Amino acid sequence: MKNTLDFGAVANRYASLLELCCSRRPPSYSLARTIHAHMIAYGFRARGHILNRLIDIYCKSSNITYARHLFEKIAEPDIVARTTLIAAYSAAGNLRLAREVFAGTPLSLRDTVFYNAMITGYSHNNDGHAAIELFRDMRREDFRPDNFTFTSVLGALALIADEEKQCQQIHGDVLKSGTGFVTSVLNALISAYVKCASSPLTSSSSLMGAAKKLFEEMPKRDELTWTTMITGYVRNDDLAAAREFLDGMTEKLGVAWNAMISGYVHRGFIQEALEMFRKMQLMGIQLDEFTYTSVLSACADAGLFKHGKQVHAYILRTEGRPVPEFMLSVNNALVTLYWKCGKVDEAREIFNKMSIRDIVSWNAILSAYVNACRIEEAKSFFKEMPERNLLTWTLMISGLSQNGFGEEGLKLFNQMRMEGFEPCDYAFAGAIISCAVLGALEHGRQLHAQLVQLGHDSSLSAGNALITMYARCGVVEGANCVFLTMPYVDSVSWNAMIAALGQHGHGLQAVELFEQMLKEDIIPDRITFLTVLSACSHAGLVKKGRQYFDSMCDFYAITPGEDHYARLIDLLCRAGKLSEAKEVIKSMPFEPGASIWEALLAGSRIHGNMELGIQAAEKLFELMPQHDGTYVLLSNMYATAGRWNDVAKVRKSMRDRGIKKEPGCSWVEVENKVHVFLVDDTVHPEVQAVYNYLEQLVLEMRKLGYVPDTKFVLHDMDYEHKESVLSTHSEKLAVVFGIMKLPLGATIRVFKNLRTCGDCHNAFKFMSKVVGREIVVRDGKRFHHFRNGECSCGNYW
DNA sequence: GTAGGGTTAG
């Protein structure tokens, strides 16, 4: 065939077919790919503009890898192919690869459109500074900016928007370039001025004045001009001016109304937004997908499920012809409405029925699962996703880390970077929380350093994550340092810092910080009260705690949940006020759940109140019969009292019900590597040396009065058959390994999945004295700082 | 081959 047909004629045919696919609305990329398959099958080698077109098609249909493959087969790709690829990489949020193509293009090949694509890439990926820098480069190299260049650069400027001078400078450039009458450029310029006006660093009125002047002097205005002005007023917190502007318009432009509605939504005026929606219906103003999405998102954010459902019904009634691309954004908004109102499965049903979906649809379902803590479904959904963007990764990483999957979170963070996505501050926050979960301090510190390098150090979410990370890795001072140097803080930051102090036994300081928070007029939320109650409990501040508990309902109108009551009961029990705790349980407005009985059981154990302990344990056996912790606590209680028969009974019932104790494991980070130890570990390669060194240490410790406490051996029931003294808990091994491997004088930081045992706790006190070092142990619940023979918890945990 | 506003997402 290829010999008999004229090559040029075939090429023209293919070219026009591809053209046809792309000019369809929506473009038919799958048909285009079929045509490509045809070319391959018939041995037609695409070149020149046909190949460029194919690269464009693969880029736009989310198959950049294949587009890249085609690109790399070209010996000398022309500027069109390069521009296409840059645009595709930036649209996919992959700046690194876009920059690679850009940098690999010799100056002699470049043109204005090529620069425009890269400038847009930076701007779209929120790097306004890089975009403007490149614009200056381009001018230095004597490329002539056109109206595309200016719209992009002005978009970038609007991102930074903190200097009046820059706006005026580029305004001057526009006038010099002769594009000063082009509506699109003027729209972008107005947008830059109004965004700049909303920055706290500039004078809002003079910049809004400049925008208004531009608006009035424009030769020709379009829909965008009006909406830009309206959103401009909204951004500058002048809703009245925006409304006045809208009401002064002679034509009834739907888009302008949409802008006003979204302005109301963003400022929290939901009723006004809904009112405008109704008015539009009455006045017969054209409603479009933006009207619907705005209103739906308003309902979603305000939790107005009924209103949202009404809008849903209205759309189904009036939009008889569900054009797929029209319905795409509306469906996305509907999916969001349903999951935000707690209807995850309904959201999934809408998603399943959608005839076309985009990355937003996929991300919406992913966030639905993540937010509902349905992490297994999120994981498998993530794997199924046909494409991923920066948000996808971020959602999944933070979902994993917040659900305790630290290792998987970090793995995904690395994978994301390997695939060329530059992590934003939210992604960093997820990775940092992963480190917090793992107790990987060195790794967390490195992420902190990278954060600073990449300029994310003023980020709120990353800062809050860092506070948590340092605290959970045992470095309270680090947490405090981040807290004090953050440029802006919110209630999450305060909560994190109060929690940090509380977990480390600095109850008084936690309470002081809470008081300071109140003084600075930050309104405490339910989380704040949880942390401050825990802090009181760890520090034994019973009176304060009760006082705060009461103020929560009386002054802040927060109804205490079961979690708050559990903290209160914990507070009373630890202080030995068991009967008072029982009173509180009786007075609760709801049936006590597991967390209440757990607090009571732990309190009874500390104070040796066997009767109450048994009572609480029985309730727990009813509520969660599979939970191993109850059996362990109860048997330890019996063991302490020497009631060996009862110990055996508990053990038997555990065996009968097929319940296995979660194996204890501890880990310590040495030179950026996490070393894990199990009870009586035989797996770690250096464990023999650890046992030898431990033996030496115990000899020294005995001289100071240490006596191994054998009753705690029952803590690990699977190993009961072993001789008590021989059984070595994982935390001891990890601490000794840390002493051996960490630099002289460095604090040993060890993490354990379960609550630490009494003998280990005692041993670490002596150990800290013998080796003259600080030992920090984080167990399932809290921190112990051992220093010079004492523990920060005051033997109270 | 490249853009500017309104919407959907942490």
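As the structure is a computational prediction, the values presented were derived from the model and not from experiment. In what follows, chains carry the letters A, B, and so on, assigned in the order in which the sequence lines appear, proteins first and then strands, with residues in each chain numbered from 1.
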J.: Ring stacking, Phe290(A) with base of dT7(B), under 5.5 Å and under 30°?
T.: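 Phe290(A) vs dT7(B): stacking no.
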
J.: Would you mind telling me which of dT7(B), dG10(B), dG5(B) lies closest to the side-chain atoms of Ser262(A)?
T.: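 It is dT7(B).
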
J.: Once you round it to whole Å, what is the distance between C1' of dT7(B) and CE of Met280(A)?
T.: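 It works out to 13 Å between those atoms.
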
J.: Rounded to whole Å, please give me the gap between CH2 in Trp362(A) and C1' in dG10(B).
T.: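 Rounded to the whole Å, the gap is 20 Å.
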
J.: Less than 3.5 Å apart, which donor and acceptor atoms pair up between the side chains of residues 190-198 of chain A and the rest of the protein, not counting sequence neighbours?
T.:
unit_1	atom_1	unit_2	atom_2	d
Tyr193(A)	OH	His171(A)	ND1	2.9
Ser198(A)	OG	Lys195(A)	O	2.8

J.: Check every strand shown and say whether Arg357(A) touches a base, only sugar-phosphate, or nothing at a heavy-atom separation below 4.0 Å.
T.: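 If one applies the 4.0 Å heavy-atom cut-off, Arg357(A) turns out to touch nothing in the nucleic acid.
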
J.: Measure the distance from CG on Asp301(A) to C1' on dT8(B) and round it to the nearest whole Å.
T.: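 Rounded to the whole Å, the gap is 10 Å.
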
J.: According to a strict under-4.0 Å criterion, is His49(A) in side-chain N/O contact with OP1 or OP2 of dG1(B)?
T.: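 For His49(A), the contact criterion (side-chain N or O under 4.0 Å from OP1 or OP2 of dG1(B)) is not met.
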
J.: Of the listed nucleotides (dG1(B), dA9(B), dT2(B)), which one gets closest to any side-chain atom of Ile79(A)?
T.: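 From the listed options, dG1(B) comes nearest.
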
J.: Which word best sums up how the rings of Phe381(A) and Trp362(A) line up, parallel for under 30°, tilted for 30 to 60°, or perpendicular for over 60°?
T.: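 Answer is tilted, since the angle falls between 30° and 60°.
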
J.: Flag as yes if Tyr426(A) stacks onto the base of dG10(B) (centroids under 5.5 Å, planes under 30°), otherwise no.
T.: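 Given the distance and angle limits, yes, they stack.
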
J.: Would you mind reading off the distance between Asn126(A) atom CG and dG10(B) atom P, rounded to a whole angstrom?
T.: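 Rounded to the whole Å, the gap is 16 Å.
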
J.: Examine dG1(B): is either OP1 or OP2 under 4.0 Å from a nitrogen or oxygen in the side chain of Arg110(A)? Give yes or no.
T.: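 For Arg110(A), the contact criterion (side-chain N or O under 4.0 Å from OP1 or OP2 of dG1(B)) is not met.
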
J.: Hey, is the side chain of Thr231(A) poking within less than 4.0 Å of OP1 or OP2 on dG5(B), counting only N and O atoms?
T.: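 For dG5(B), OP1/OP2 do not have a side-chain N/O of Thr231(A) under 4.0 Å.
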
J.: With respect to the side chain of Asn187(A), which nucleotide from dG5(B), dG4(B), dT7(B) is positioned closest?
T.: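 Nucleotide nearest to Asn187(A)'s side chain: dG4(B).
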
J.: Identify which nucleotide among dG4(B), dG5(B), dT8(B) has an atom closest to any side-chain atom of Thr120(A), counting heavy atoms from C-beta outward.
T.: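 In terms of side-chain proximity for Thr120(A), the closest of dG4(B), dG5(B), dT8(B) is dG4(B).
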
J.: Do any side-chain nitrogens or oxygens of Thr336(A) fall under 4.0 Å of OP1 or OP2 in dA9(B)?
T.: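 Thr336(A) to dA9(B) OP1/OP2: side-chain N or O found under 4.0 Å.
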
J.: By the 4.0 Å heavy-atom rule, please label Trp257(A) as base, sugar-phosphate, or nothing.
T.: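 The answer is nothing, as Trp257(A) stays clear of every strand by at least 4.0 Å.
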
J.: Determine the interplanar angle of the Tyr314(A) and Phe277(A) rings, folded into 0 to 90°, and report it as parallel if under 30°, tilted if 30 to 60°, perpendicular if over 60°.
T.: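 Perpendicular, since the angle between the ring planes exceeds 60°.
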
J.: For dT8(B), does either OP1 or OP2 sit under 4.0 Å from a side-chain N or O belonging to Lys340(A)?
T.: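 False: Lys340(A) side-chain N/O out of range (4.0 Å or more) of dT8(B) OP1/OP2.
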
J.: Which of these nucleotides, dG5(B), dT8(B), dG10(B), is closest to any side-chain atom of Val360(A)?
T.: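 For the Val360(A) side chain, the nearest candidate turns out to be dT8(B).
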
J.: Considering only dG5(B), dT7(B), dA3(B), which nucleotide approaches the side chain of Ser329(A) most closely?
T.: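 Looking only at heavy atoms from C-beta outward on Ser329(A), the closest nucleotide is dT7(B).
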
J.: Roughly, in whole Å, what's the span from CG in Leu366(A) to P in dT8(B)?
T.: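 Rounded to whole Å, this separation is 19 Å.
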
J.: What is the separation between atom CG on Leu224(A) and atom C1' on dG4(B), rounded to the nearest whole Å?
T.: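 These atoms are roughly 6 Å apart.
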
J.: Out of dT2(B), dT8(B), dG4(B), which has the shortest distance to the side chain of Ser297(A)?
T.: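 Nearest to the side chain of Ser297(A) among the choices is dT8(B).
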
J.: Just to be sure I understand the rule, does Leu395(A) reach a base, reach only the sugar-phosphate, or reach nothing, if contact means heavy atoms closer than 4.0 Å?
T.: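 Sugar-phosphate, no base atom in range.
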
J.: Let me know the distance between CG of Asn258(A) and P of dG5(B), rounded to the nearest Å.
T.: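 Whole-Å distance recorded here is 16 Å.
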
J.: With a 3.5 Å cut-off and heavy atoms only, can you find an N or O donor on one side and an acceptor on the other between the side chain of Asp222(A) and the base of dG5(B)?
T.: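 Such a pair does not exist between side chain and base.
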
J.: Within the structure shown, what part of the strands sits under 4.0 Å from Tyr292(A) by heavy-atom distance: base, sugar-phosphate, or nothing?
T.: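 No contact.
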
J.: Taking atom C1' of dG5(B) as reference, at what distance in whole Å does atom CG of Leu159(A) sit?
T.: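 So the two atoms are 14 Å apart, to the nearest Å.
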
J.: May I ask you to say what Thr84(A) touches in the nucleic acid, namely base, sugar-phosphate or nothing, with a heavy-atom cut-off under 4.0 Å?
T.: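 If one applies the 4.0 Å heavy-atom cut-off, Thr84(A) turns out to touch the sugar-phosphate alone, with no base involved.
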
J.: With a 4.0 Å cutoff (strictly under), does any side-chain N or O of Ser152(A) reach OP1 or OP2 of dG4(B)?
T.: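 For dG4(B), OP1/OP2 do have a side-chain N/O of Ser152(A) under 4.0 Å.
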
J.: Determine yes or no for a side-chain-to-main-chain donor-acceptor pair under 3.5 angstrom, with Ser123(A) supplying the side chain and Ile119(A) the backbone.
T.: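 Answer holds: no.
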
J.: Under 4.0 angstrom, heavy atoms only, what part of the nucleic acid is Asp358(A) near: base, sugar-phosphate, or nothing?
T.: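 The answer is nothing, as Asp358(A) stays clear of every strand by at least 4.0 Å.
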
J.: Taking the side chain of His124(A) as its heavy atoms from C-beta onward, which of dG1(B), dA3(B), dG5(B) lies nearest to it?
T.: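 Comparing dG1(B), dA3(B), dG5(B) against the side chain of His124(A), the answer is dA3(B).
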
J.: Just to be sure I understand the rule, does Asp111(A) reach a base, reach only the sugar-phosphate, or reach nothing, if contact means heavy atoms closer than 4.0 Å?
T.: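 Base contact - Asp111(A) has a heavy atom under 4.0 Å of at least one base atom.
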
J.: Name the one of Thr227(A), Asp222(A), Thr228(A) that satisfies side-chain hydrogen bond (donor to acceptor under 3.5 Å, both in side chains) with Asn187(A)?
T.: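 Result: among Thr227(A), Asp222(A), Thr228(A), Asp222(A) is the only option passing the side-chain hydrogen bond (donor to acceptor under 3.5 Å, both in side chains) with Asn187(A).
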
J.: Aromatic rings Tyr338(A) and His312(A): how do their planes relate, parallel, tilted or perpendicular, breaks at 30° and 60°?
T.: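 Tyr338(A) and His312(A): perpendicular rings.
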
J.: Using a strict threshold of under 4.0 Å (side-chain N to carboxylate O), is an ion pair present between Glu216(A) and Lys212(A)?
T.: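 So Lys212(A) pairs with Glu216(A) through a salt bridge.
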
J.: Given dT8(B), dG4(B), dG10(B), which nucleotide is nearest the side-chain atoms of Thr151(A)?
T.: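 Looking only at side-chain atoms, Thr151(A) lies closest to dG4(B).
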
